[in-house]
Amino acid sequence: MPQFRTVFLIASSFITSQVCAQDAPPALAPEPLGIIETLPAQYPENWFIVHDASFFHMSDGKVYILDVTAKTLGEQFKGMFNSSLIGNLAQSPARGEIYSTETFHTRGQRGDRIDLLTIWDSATLSPVGEVMLPKGKRFMGIPQRNAVTLINDGKWLAIANFSPATSATIVDLDSREILSEVGTPGCVMTYPTGPRGFSALCPDGRFFSTQLAEDGSVAQQERSEVFFDSDTTPIFDRAATIDGIAYFPSFAGLIHPVDLRGAVASVGEAWPMATGEEAAENWAPSGVAIIDKDDLGRFYLLMHSGAADGTHGGGGPEVWVFDPATKSRVQRIALQSWGLSIAVSRGSEPLLLVTNPEAMSLEVYDARSGEFQQTITGFGQETPLLATGAQ
Amino acid sequence: MPQFRTVFLIASSFITSQVCAQDAPPALAPEPLGIIETLPAQYPENWFIVHDASFFHMSDGKVYILDVTAKTLGEQFKGMFNSSLIGNLAQSPARGEIYSTETFHTRGQRGDRIDLLTIWDSATLSPVGEVMLPKGKRFMGIPQRNAVTLINDGKWLAIANFSPATSATIVDLDSREILSEVGTPGCVMTYPTGPRGFSALCPDGRFFSTQLAEDGSVAQQERSEVFFDSDTTPIFDRAATIDGIAYFPSFAGLIHPVDLRGAVASVGEAWPMATGEEAAENWAPSGVAIIDKDDLGRFYLLMHSGAADGTHGGGGPEVWVFDPATKSRVQRIALQSWGLSIAVSRGSEPLLLVTNPEAMSLEVYDARSGEFQQTITGFGQETPLLATGAQ
Amino acid sequence: MNFFDRFFERRSRDLAHRTSRRGMLTRFGALLVGGAAVPLLPVARAQSDQPAQPVDEGDSTSCDYWRYCAIDGFLCSCCGGTVNTCPPGTEMSPITWIGTCENPGDGRKYVISYNDCCGKSSCGACLCMRDEGDRPPYRADKTNDVNWCLGTKSATYHCSTAIVLGVAFDR
Amino acid sequence: MNFFDRFFERRSRDLAHRTSRRGMLTRFGALLVGGAAVPLLPVARAQSDQPAQPVDEGDSTSCDYWRYCAIDGFLCSCCGGTVNTCPPGTEMSPITWIGTCENPGDGRKYVISYNDCCGKSSCGACLCMRDEGDRPPYRADKTNDVNWCLGTKSATYHCSTAIVLGVAFDR
């Protein structure tokens, strides 16, 4: 890189051919300038993608790539990229890409607005493409696993819109162009559904499922049966999906299994997370990222007791692990400190990552034994509230 | 504002004409929407302009307007505006404007770059004008009182450039246009000098003074005598100016008086801040904003003992107050906790504001008695390291 | 950071607050979210002929203030604005979510509009989260999980107000 | 925040460090700042024919590491880079300030180039400020008070490296 001649010009004038005692070891060799590190296109199973929307500085949101088993910060911190104004993320290991919705203004916090999908190369953490999104529509809120999702075998991206009119923008990842905007009147988010579609969650307590044609146009739209009352028996819009079945927790502590394998979401019979004494103690989910799953077929919920109106967002002191096959809790993990968000890594040796709201540190647990491993902090985090097991 | 019909449409459907018990007080009246507060064009003497460059989120720098005598955060926090990528500020009470250099990229942290001077209305805290600056030149570093200064009776702004080639951009505040770019080879900052000019500080230990013609072109450029050695006897580039005399502290604890009233900076005889035992203890200035002055003719320095190579930026535990007329210290204020930056308010009852690096809180002292008044914190600050007494 | 103290304040406070959040308000949810217009009903006004004055007690810079029952954000009262006005140089969002909070001063429930002030970055002062009656975004009329700087020039969120729109239906 | 712990670490450390920062280095200051080109002199190389290996001990993620004597910034070693390489997706600044640090492993003084990595916002990890030999911006060759993301596509500062350019003149 010719520009590096500058620094040599400056520095070389201060440098001498060495003169030193016989017994001294040889001098360090001059080192090359301009070298940039890279990462593997597919990430190891013990890495996480940690989205810090920086709620005190939202135009400077940060996405960290962390190895949570490494023992030093230098080994833990693999890299980062920015995501502006509470973006939402999705990763495609097959394409070696990470997708991020972003919003910019020409004068930082003011001026003309643009909304973008930025495509990041997983290995170089450089932007390799962008798709201009319809202005002022993309869902912007507490970061969410189901606001930007891969559908159609990972060929397309479904981006949830909320303006507050609701729809979804369908992006083709080969051409990096918008195929269509699908209306989902009153219903939000994009839960992948069927061979080539998604479902959105509606205020009247059911799903609105869409199947798309090969050109991205609407092939079929149908509502599921009503299964909750958004006033009296609300559910969270966050779910763990295992083998095509999405498990939606309710504010009151029920699990609603929803089969998303067919063209239309099909809701199964709900079952309770807490029974007996625990039910009497009003144990229920609470927090930001309250649910995740592992590759062993289990899902995880961040839980608090004494659930009441308004307590569903404050986090909790325990993580409960469930086996959907037996509809039973297989593990109860008492956290070292309060948890506000959880995430679980991929693979056969899952790790549980918990965001501790007091220090905004990340606490690592063995997801099978529940054993505490270590705390990760000091990486410049502000509000790292949505982590995802890397792939 | 017609757009507010929306919210009425939504809300009014939930509202009833009241039915209530006889003994109940009358109901609260519906309140108007869309009202925005404003501030006086000239600020009271007990207000400060606090620049928080947000070193962990520099594209989201914040400038707070604070009343440091108010007792509650609600009364202290008067307003704020953003300054992107470690800007530098100047205030013109006569024009009711605050000036801020900023840098933006079209994609937040990446993309095409523009450098701007943004002109903020002091009363509305809205941008009322901007001047496009030459790309990639404006001084960008630890915020500095002398990087953007009012000259020519407040008609012009002199903006220091460092790319690292050095110059100054002269902006006319009536036309809001650039008049000229003045070369200051190797010399930086813009200390107002003479009727229509400025001086810059040079690596060879002297000033480079420029006087400008009415059209902003160079009328005269002259170097002062050499008065320090930038290797062995460096001075700080931060000074307090009283009645046209700028007092420049040295790393070693001398005060160099510099007369900036004439066309060329004229350097007077240096005198020591510390004498006797204190001199033996190596008391010297240290910190970020290490010096300021009041309207009573005194200047203030943030001091630490045991000064050594590399300790000039870490701050200190005391503030020393000097009377330049008698070249003597008139007050010694032991801070409640470590200080990293100081600022003094205008007027006959000056207040001393100290940035405490442990909590990044601001501590208020009576600048005459040295008495601690209160701590101001919890206003969203990250690194509020350059405050200025408001006017 | 006071951000996280707030979380704990909030939790304890929430356990103490049990005001029902049901009523007319929610019946219109689906309609509203569906984007349908709803009829304009008369808005309650204070009877100015009464000698007595309306009662609105409490510290509007405190998260415990009655109007904040459904809020989640920085209080404009701590940011250079007031409980019902925006700080200098910001822009008030025209659309927002609604809460129904009981005024301890007169025992009435009021419809509160939490209009966001936009165009400057996070105020950062007095973060307050109460979430009573809060729902996920599928209930747009009752969700504080989204950035309500919608329909504004800038999408940048600064702080939230709590504006009395009128008295809510009693049940 | 560890940001401010660092300040105090730093202060104590600095009081312990008293390595002189004078020498050839500074003679060229004015010239350099004046923008004049300076003659290209031969750069020291390790004598690879010697069996012994060069010695470079210490933890490059620690602020105490010898190369950081004049640094002020986030250590790239903690940000996905190394002591002499930039993290993924950033760009190395071509111009920067220079320090002269003594390698305790061989007793030599080396010229260290603190090239910044740019194009992503502050890494935020391992803030380190030592400032030995640091001067205000009027000594461009020795100042760490400025953002050295100069001559890069983006002016956004991410972290700082500490690259060995060669052995400095001994005095």
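- Smallest separation of non-hydrogen atoms from B:Asp60 and A:His57: OD2-CA, 3.0 Å.
- Using a 4.5 Å cut-off between heavy atoms, A:Leu116 contacts chain B through its side chain alone, with no backbone atom that close.
- The distance from the CZ atom of A:Arg110 to the CZ atom of B:Phe81 is 9.5 Å, given to the nearest 0.5 Å.
- In this structure, CD on B:Glu382 lies 8.5 Å from OG on A:Ser54, to the nearest 0.5 angstrom.
- In this structure, the portions of A:Arg107 lying under 4.5 Å from any heavy atom of chain B include both its backbone and its side chain.
- Heavy atoms of A:Thr106 lying under 4.5 Å from chain B belong exclusively to its backbone.
- The candidate from B:Met58, B:Lys62, B:His105 with the greatest count of non-hydrogen atom pairs under 4.5 Å with chain A is B:Lys62.
- One distance of note links OG of A:Ser59 with CD of B:Gln109; it measures 7.0 Å at 0.5 Å rounding.
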